[in-house]
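Sequential numbering from 1 along the given sequence is applied to the chain's residues. Just follow the structure's listing: the first ligand is 1, and inside any ligand the first atom is 1.
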Amino acid sequence: MLEFICDLARRGGELAASLQKNISAASSDIERKETVRDVVTEADKQVESFIIGKIRQRFPDHGIHGEENGYVNQDSAYCWVIDPIDGTASYIHHQPCYSTSIALQYRGCSRHAAVYCPVLDELYAAEAGGGAFCNGAPIKVCDHGPLSESNVGTGFSCLRAGWKEHNNLPYFCEIAKEAREMRRFGSAALDLCFVAAGKLDAFWELNLQTYDIAAGTLIVLEAGGQISDLAGADNWPQQGMLASNKKLHQKMLEFFKGYKRRGK
Ligand code: IPD
Ligand code: CA
Ligand code: CA
């Protein structure tokens, strides 16, 4: 199964990269979703259809939850959670940090996961109880503590969704005062894989969707990291999400004391 999901993520990512040359941020065929800042391209849809087609061939009865096509066969205990291009805003601006993210969930829990970044040619993968890998080599979260020596990532989908208040900016400002460096790479799936590989020490974001994180969270956990909502409980991603190398988790949670999702 891991081989199948890795091959699918790689081929999806390669298809996205091949279609990118026909796309520019000014292209008229870039569609707006809920807000003008939330966009989708023909490539997002084509990559998702390609992946769904391959899954159907092999597992016709399984459920599918794709970002662009929504849910299919929801009664099945198995569900493939797909984000064909995670980081479309990076993709249309020809930046490197976008990825194809696929997870196979059993009764709502990710059991197999793969995230492929074609520009970096990095394929992250994990299966429950089997560890995490990058391009076939085992990966582990990094092992150092102080925030002042840490690189921390985040994202601002809350702003893209129009959250004028209760958004991520105040948290960003406070954490940026203490962390060694802040990073906004632009693909939540890849951000999580960077935590798993020890390239980031922690990552948090408000307002993420299941397809953004279904694969990356299993990869973090299998690499020895920790995942929680912003209150330290399990209501992620609804109540925000924090991923860390474990050593930094409690320190990071201090910044979100009293956080409760209030949205727009
Ligand atoms: C987005 C990326 C981004 C994150 C947004 C996501 P999309 O995914 O993961 O890093 O900040 O919340 O929606 O929309 O490009 O698939
Ligand atoms: Ca996407
Ligand atoms: Ca996404």
Atom nearest to the Ca ion (ligand 2) - E67, N, O or S atoms considered: OE1
Going by distance only, is there an N or O of G87 that falls short of 3.5 Å from an N or O of ligand 1? yes
As an exercise, state the distance from CZ of R107 to SG of C79, rounded to the nearest 0.5 Å. 12.5 Å
Contact atoms of ligand 1, heavy-atom distance to T88 under 4.0 Å: 15 (O)
Spacing of NZ belonging to K246 relative to CD1 belonging to I227, to within rounding of 0.5 Å: 11.0 Å
Between OH of Y171 and CG of L169, what distance do you get to the nearest 0.5 Å? 11.0 Å
Quick check: does any side chain N or O of D86 sit under 3.5 Å from a backbone N or O of A189, one acting as donor and the other as acceptor? yes
Looking at the Ca ion (ligand 3), is there an N, O or S atom belonging to D83 that lies under 3.0 Å away from it? yes
For ligand 1, which atoms sit closer than 4.0 Å to a heavy atom of D83? 16 (O)
Under 4.0 angstrom from ligand 1, any heavy atom of I85? yes
Atoms of ligand 1 less than 4.0 Å from S187 heavy atoms? 9 (O), 10 (O)
Please confirm whether R184 comes under 4.0 Å of ligand 1, counting heavy atoms of the residue only. yes
May I ask you to list the atoms of ligand 1 that are less than 4.0 angstrom from any heavy atom of E67? 14 (O), 16 (O)
Which value, rounded to the nearest 0.5 Å, describes the distance between S228 atom OG and Q239 atom CD? 11.5 Å
